[in-house]
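Below you'll find the structure, written out as structure tokens, and then a few comments.
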Amino acid sequence: MTRSLMRAYAALALAFAGLTPAHAQAPETLGDIFGRLKAGESIVAFSTTTPLVARRLDGLEHYFRHAGAMNLTLDELTDVYTRRRADLETVARWNRHVPQFEPGFVDSLVALNTVAHGGLQRALMEKLSKESLDSLYKPIDDFGAQVLVKARAANQDKLRRFYIKYGPDSPRLNLAEVGLNYLGQLFIPGLLPSEDGMPSPYELVATYRTTDLTAAKSDAGELTGRVVTTAQIGVRMYGFSETCGEGGRFVQLIDPCHSSAGAFFMGRRDAPLSKLWGSGQRAGLYVARGKYHVGYVFGAEKRLVFGVDQQLVPYIF
């Protein structure tokens, strides 16, 4: 068969698949990939020369059609492959049976890629010119390129999140928090990393602070500032936005990399290193934005307390 006849045969196969890639306007889909592979299969008579691989391709096509995935665009397929996002219907749990998120779906995409770039591609390389093969494999190669780009972006995002949560600007944990959060990332739902290794945005807070500030009346009736000891038990949430924590102090309050809230405790006396538990204990709530926090205790001895997250003794308080 001459080169011109081979090119004509490839063009006819592409036309039979209903695809003209140079002028295609609609986004390429998984159906387009199978159309190209089926066209290539007919060019090299794969069902006769390599029936095992041909049956594998037929089985994959049946699986994806049954999953209702043939109209998924390459961008949507890449998001499934790299587990980048879920659509609104999935987040809202409107459809709890989504084949695309089953492990077998991604495994089948891997198998499809293996078939496409295995014996079928090698057989086509012997029959088609480079231009014809590139045209035939365009959606397949586009899918592979998008997977690489998004996988690289996902890895960069993962590293950025680890830096925000565990890097030099992250909150200093005491020994109790270290133990709680280490065990939490192993066993506690909500604190576990995601399936693709992203750190959880949540962290447990169990702090003891000796440098918070409040105001109280003295015996003479004057309002004076006091250094007090407090405790916080709550949950910290990391924002992970690309701009969090940048700028001056005011900007850091608006867009911090982490915030927290929970229960707030004080002893019965407005004094540093005072006992927090037992008779006379005062309790309330606190909120924190970045390294700044404010707490309020209820009861007869109400107090509004301000503080900055810092450790005077590493891993202690």
Side-chain angles (χ1 to χ4, degrees), residues 75-94 98 100-101 103 106 146-207 209 232-264 285-295 306-311 314-315:
D75 188 57
E76 292 170 332
L77 277 176
T78 308
D79 284 332
V80 173
Y81 193 90
T82 57
R83 296 179 179 175
R84 291 270 294 176
R85 68 184 180 200
D87 59 22
L88 179 60
E89 291 184 4
T90 303
V91 173
R93 277 68 168 179
W94 293 338
V98 185
Q100 292 93 304
F101 293 114
V106 175
Q146 288 190 37
V147 166
L148 288 176
V149 170
K150 290 193 176 182
R152 187 181 300 115
N155 286 335
Q156 290 295 325
D157 188 45
K158 185 186 300 183
L159 291 173
R160 183 177 59 81
R161 291 177 180 231
F162 268 96
Y163 183 84
I164 289 173
K165 188 169 183 178
Y166 301 111
D169 296 327
S170 64
R172 303 287 183 181
L173 305 188
N174 57 44
L175 289 176
E177 291 174 317
V178 170
L180 287 171
N181 287 290
Y182 177 76
L183 293 176
Q185 70 167 348
L186 299 177
F187 305 111
I188 301 177
L191 300 183
L192 299 173
S194 65
E195 291 184 2
D196 52 358
M198 292 285 190
S200 167
Y202 301 107
E203 190 171 66
L204 297 178
V205 176
T207 64
R209 304 193 185 282
Q232 301 170 356
I233 298 177
V235 177
R236 181 180 292 116
M237 184 179 74
Y238 291 86
F240 295 137
S241 71
E242 295 184 359
T243 59
C244 74
E246 297 182 357
R249 294 181 179 178
F250 181 73
V251 176
Q252 291 177 14
L253 284 173
I254 297 175
D255 184 23
C257 289
H258 55 85
S259 303
S260 66
F264 188 73
L285 300 172
Y286 87 93
V287 293
R289 298 280 290 176
K291 61 182 180 180
Y292 305 101
H293 62 265
V294 57
F306 300 90
V308 178
D309 293 353
Q310 59 182 347
Q311 280 189 353
Y315 298 107

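Along the sequence shown, the residues carry numbers beginning at 1.
Residues D255 and S241 meet the side-chain proximity criterion, which asks for heavy atoms closer than 4.5 Å. Inter-residue side-chain proximity for Y163 and L159 is flagged as unmet; no heavy-atom pair is nearer than 4.5 Å. K165 has its side chain within reach of S200: a pair of non-hydrogen atoms, C-beta onward, lies under 4.5 Å apart. Within the 4.5 Å cutoff, side-chain heavy atoms of R209 are placed close to those of D309. Between F162 and S170 the shortest side-chain heavy-atom distance does not fall below 4.5 Å. Looking at D157 and M198, their side chains come closer than 4.5 Å, going by heavy atoms from C-beta outward.
Nearest heavy-atom pair, A206 versus E177, reported as atom, atom and distance to 0.1 Å: N-OE2, 2.9 Å. Scanning all heavy atoms of the two residues, the minimum distance from Y238 to R236 falls at OH-CD, 3.6 Å. Nearest heavy atom pair, residue E242 against residue E246, reads O-OE2, 3.6 Å.
Ring planes of F264 and Y286: tilted class, angle from 30 to 60°.
L180 CG to L173 CG: the interatomic distance, rounded to the nearest 0.5 Å, is 10.0 Å. Once rounded to the nearest 0.5 Å, the distance linking CG of L183 with CG of L204 reads 10.0 Å. Taking SG from C244 and CD1 from I164, the interatomic distance works out to 4.0 Å, rounded to the nearest 0.5 Å.
Put simply, the side chain of Q185 never gets that close to the backbone of L191: no donor and acceptor are under 3.5 Å apart. Of the possible polar contacts, one joining the R289 side chain to the L253 backbone as a donor-acceptor pair under 3.5 Å is found. A donor-acceptor pair under 3.5 Å is absent between the side-chain atoms of N181 and the main chain of G184, judged by distance alone.
For F240, the CZ atom sits in a packed shell: over 12 heavy atoms of surrounding residues, nucleotides or ligands are nearer than 6.0 Å. Counting heavy atoms of neighbouring residues, nucleotides and ligands inside a 6.0 Å radius, atom CZ of R172 does not exceed 12 of them.
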